[in-house]
Amino acid sequence: MSIFSDLAHQYIDGEWLAGTGSWDIIDVNPYNGEKLAAITVATVEQVDQAYRGAERAQREWAATSPYIRRAVLERALRITEEREKEIVEAMIDELGGTRPKAEYEVRLAMEFIRESLQLAVRPEGRILPSPVEGKENRVQRLPVGVVTVISPFNFPFLVTLKSVAPALALGNAVVIKPNQNAPVVGGGVIAKIFEDAGLPAGLLNVLVTDIAEIGDALLTHPVPKVISFAGSDRVGRHVGAIAARHFKRTVLELSGNSALVVLDDADLDYAVDAAVFSRFVYQGQVCMAANRILVDASVAEEFTEKFTARVRGLRTGDPREADTHIGPLINSFQADALTALVDQAVESGAQALVRGSTRGNLVEPTVLAGIPEDSPLLSQEIFGPVALLVVFDGEDEAVRLTNATPYGLSGAVHTRDVERGVRFAQRIETGMIHVNDSTIGDEPLAAFGGEKASGLGRLNGEATVEAFTTQKWISVQHGRTTFPF
C-alpha cells in the first residue's frame, strides 16, 4: 500500500471517493516541497452524504454488543501496531517532524486505543432512590449519536484517535475533518485502519475540505450532536458559537501560552533539559509548548547561560536525519509570520540571546529576553521555535506573571521541594500543570483540557465518557402516585 496514493481521498459511507468540488487541496512535504497528493475537496452534498450514512449506521452500532465493538477496537490496535513503521514514515513526510516525534505520537495513540477497549464495556446504568413512594429511577448512559472530529496538523494521528476510538467504542459514529496540512495521516490512514479492522460501513467518515467550499456545513448540519475540535482559539470561538446556536455540545482544545517556571531551589541542569524539550519539540508547534520560561532572579544568570548553550547546539534541518532536532515549520506562511514576529520583537527592544535564521520553512531557534511586561508577545501563543525568557523576583511574582495571559492550557514548575511545587501549581489558572517535568504531557486516564481561552471540556478517561455519551432517566412507578387533582 502506498499511503499517499491510496489514501488521499474522501472516505464516505464505506467508500473511497473523489471530492466533487472544483479545486484541490495539495498535500506537500514541508521540508523539501515535494507534492505528496492532490485531493479534490468535498462539497456540501458530500458532507450531507457522510452525515446521513453515519446516522443510519450508528443506530445498529449502538444496539451492537459492547463486546463486539471492543473486538473491532482490538483489531484496529493490532493493525496499528503492524503498520507502525509505515505510519511513522508517512508522518515524517507529511508533518516535517523528526522520527522520535513521530514514533512518540503513534505509540501514544496506541495507548489511547487500548484505553478505548475498556470504554466499550464501561458505561453502566444506575438505579437511584426516589422521594416518591413506590418509584424506581433508572438512569442509562447512551451514545450521543454522531460525533464530528476536527483535528489539527501538529499531532493529527494522536489527537484524532483520542476522540475517534472512544466515540466508536461507546457506540457512536464519527465524521473526521482533518487539517488541510495533514489529510492523510489525520484522515485516510485512520479510516483505512478501521476499515481493515471490520468496522461497519458508515460509522467512520473522512471529509477533506475547507470552509471556503462548505462554509459551516460541518457545524450546522442537524445530524452531529458533539463537535470535538482541536486548533486555534480564533477558530475555536467560531466553532463554539455556531455549535451553541444549534444546541450542539463541544469539546474545544485550543491555543496555549504555557509557562515553565524555575524556582530558586530547582535542579537547574534538569530544568534546562525540560525547558529545551518543552519549547522546541516539533519546532514548538505544540499547544502545550513552553512559550514562556520564567526564572527566579537568584538563578537566572546560571540558568540562562546553560539554556542558551543548549539551544545553540540544536540542529535544524532534514527531519529524516538522526541528528536533527528541529525540522521545518508546516508551511511558508507560518515560517514567514514567525520570522516577522521575531524581527518586530527585536526592533521593539527585545534582546536576542540566540538569533536563528530562516531558510525556506526551516526556522532556527531564537531566545528572546528583556521583553517588557506589557508586551503583547508575552500573552500570545507562539507556534514555532522561539523561547521567551522572563526573570522574576520571588514566588508571588512568578504566580502573577504565569497567570498574566488569556490562556490556561498547561504549565510546569521546577523545584527540589515537591510539595512546594504542588502548592505553586494550585495557584496557577490552568487545566494542567506538571511538577518537575515538561509542560507537554498527555495520558489516557488523566483529564486533558484547558481553562480560559484554552478551551472547554475535557477528554481522557471518565471525561471522555462524559463527552461522548448522554444520560436518560426512566422512572418506573411500581405503586400508585397520588396526584393533587
Side-chain angles (χ1 to χ4, degrees), residues 50-74 112 115-149 162-175 194 199-205 219-229 240 243-252 444-445 447-449 456-485:
Y51 276 139
R52 296 302 175 186
E55 184 180 40
R56 287 192 302 271
Q58 191 271 333
R59 296 189 189 102
E60 185 174 346
W61 183 243
T64 299
S65 164
Y67 289 92
I68 292 176
R69 298 201 300 264
R70 187 175 69 177
V72 172
L73 269 294
E74 287 173 338
F112 277 92
E115 173 61 16
S116 296
L117 301 179
Q118 308 308 315
L119 290 183
V121 295
R122 184 177 296 176
E124 299 174 348
R126 294 183 296 160
I127 298 178
L128 302 177
S130 171
V132 179
E133 187 69 27
K135 180 175 282 190
E136 175 186 281
N137 290 321
R138 305 178 186 182
V139 179
Q140 296 178 315
R141 190 170 283 281
L142 304 170
V144 294
V146 177
V147 175
T148 300
V149 178
K162 278 183 59 172
S163 289
V164 168
L168 292 172
L170 292 163
N172 300 287
V174 179
V175 173
F194 280 97
L199 184 72
L203 288 173
L204 181 62
N205 302 267
L219 309 177
T220 60
H221 196 283
V223 165
K225 299 300 186 291
V226 174
I227 312 293
S228 179
F229 171 85
R245 198 176 303 153
H246 290 81
F247 299 98
K248 300 179 188 296
R249 193 190 308 170
T250 55
V251 181
L252 304 176
L445 296 179
F448 185 102
L456 290 172
R458 297 291 187 271
L459 287 178
N460 303 359
E462 292 300 327
T464 298
V465 177
E466 286 289 335
F468 300 133
T469 62
T470 188
Q471 297 184 70
K472 176 180 282 189
W473 171 32
I474 300 174
S475 76
V476 179
Q477 177 51 281
H478 293 285
R480 295 176 70 86
T481 297
T482 301
F483 302 106
F485 56 87

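- Not one N or O on the side chain of N460 forms a donor-acceptor pair closer than 3.5 Å with the backbone of A447.
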Steps toward side chain to side chain contact (heavy atoms under 4.5 Å, CB included) verdict (Y51, T148): CA-CA 9 Å; Y51 276 139; T148 300; 2.6 Å; yes
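- Remark: the backbone N or O of E60 is paired with a side-chain donor or acceptor of T64 at under 3.5 angstrom.
- Under the 3.5 Å distance criterion, the side-chain polar atoms of N137 are left unmatched by any main-chain donor or acceptor of I127.
- Considering only heavy atoms from C-beta on, V139 stays 4.5 Å or farther from K472 through its side chain.
- Considering every non-hydrogen atom in both G202 and A173, the closest pair reads O-CB, 4.4 Å.
- Looking only at side-chain heavy atoms (C-beta outward), L445 and E115 come within less than 4.5 Å of each other.
- F112 and P444 get closest at one heavy-atom pair: CE2-CA, 3.5 Å.
- With a 4.5 Å cut-off on side-chain heavy atoms, V174 and V146 do not count as touching.
- Contact check for S163 versus F468: side-chain heavy atoms found under the 4.5 Å cut-off.
- With a 4.5 Å cut-off on side-chain heavy atoms, L73 and F194 count as touching.
- A salt bridge between E462 and R122 is present, with a side-chain N of the basic residue lying under 4.0 Å from a carboxylate O of the acidic one.
- Taking a cutoff of 4.0 Å between a charged side-chain nitrogen and a carboxylate oxygen, R138 and E136 qualify as a salt bridge.
- Atom CG of residue L170 and atom OG1 of residue T464 lie 8.0 Å apart, to the nearest 0.5 angstrom.
- Pairing each heavy atom of R70 with each of A120, the nearest pair is CB-CB, 3.9 Å.
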Derivation of the side chain to side chain contact (heavy atoms under 4.5 Å, CB included) call for E74 and L117: CA-CA 7 Å; E74 287 173 338; L117 301 179; 3.6 Å; yes
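- Judged purely by atom type and a 3.5 angstrom limit, H221 uses its side chain to pair as donor or acceptor with the backbone of V223.
- Defined by atom type and a distance below 3.5 Å, a donor-acceptor pair is present between the side-chain atoms of T469 and R141.
- Under the 4.5 Å side-chain criterion, counting only non-hydrogen atoms from C-beta, V251 is not in contact with I227.
- In terms of modelled atom types and a separation under 3.5 Å, the side chain of R458 and the main chain of F448 share no donor-acceptor contact.
- The shortest non-hydrogen separation linking A169 to S116 is CB-O, 3.4 Å.
- Rounded to the nearest 0.5 Å, atoms CD (Q58) and CG (L168) are 10.5 Å apart.
- Panel note: side chain T250, backbone L252; no donor-acceptor pair is recorded below 3.5 Å.
- With hydrogens and angles disregarded, no donor-acceptor distance shorter than 3.5 Å links the side chain of Q140 to the backbone of T470.
- For the pair Q477/V132, a side-chain contact is recorded, criterion being any heavy-atom separation below 4.5 Å from C-beta on.
- The nearest pair of heavy atoms linking P143 to N172 is CB-OD1, 3.3 Å.
- K225 places no side-chain N or O within donor-acceptor distance of the main-chain N or O of R249, the cut-off being under 3.5 Å.
- With W61 contributing its side chain and R56 its backbone, the two residues share no donor-acceptor pair below 3.5 Å.
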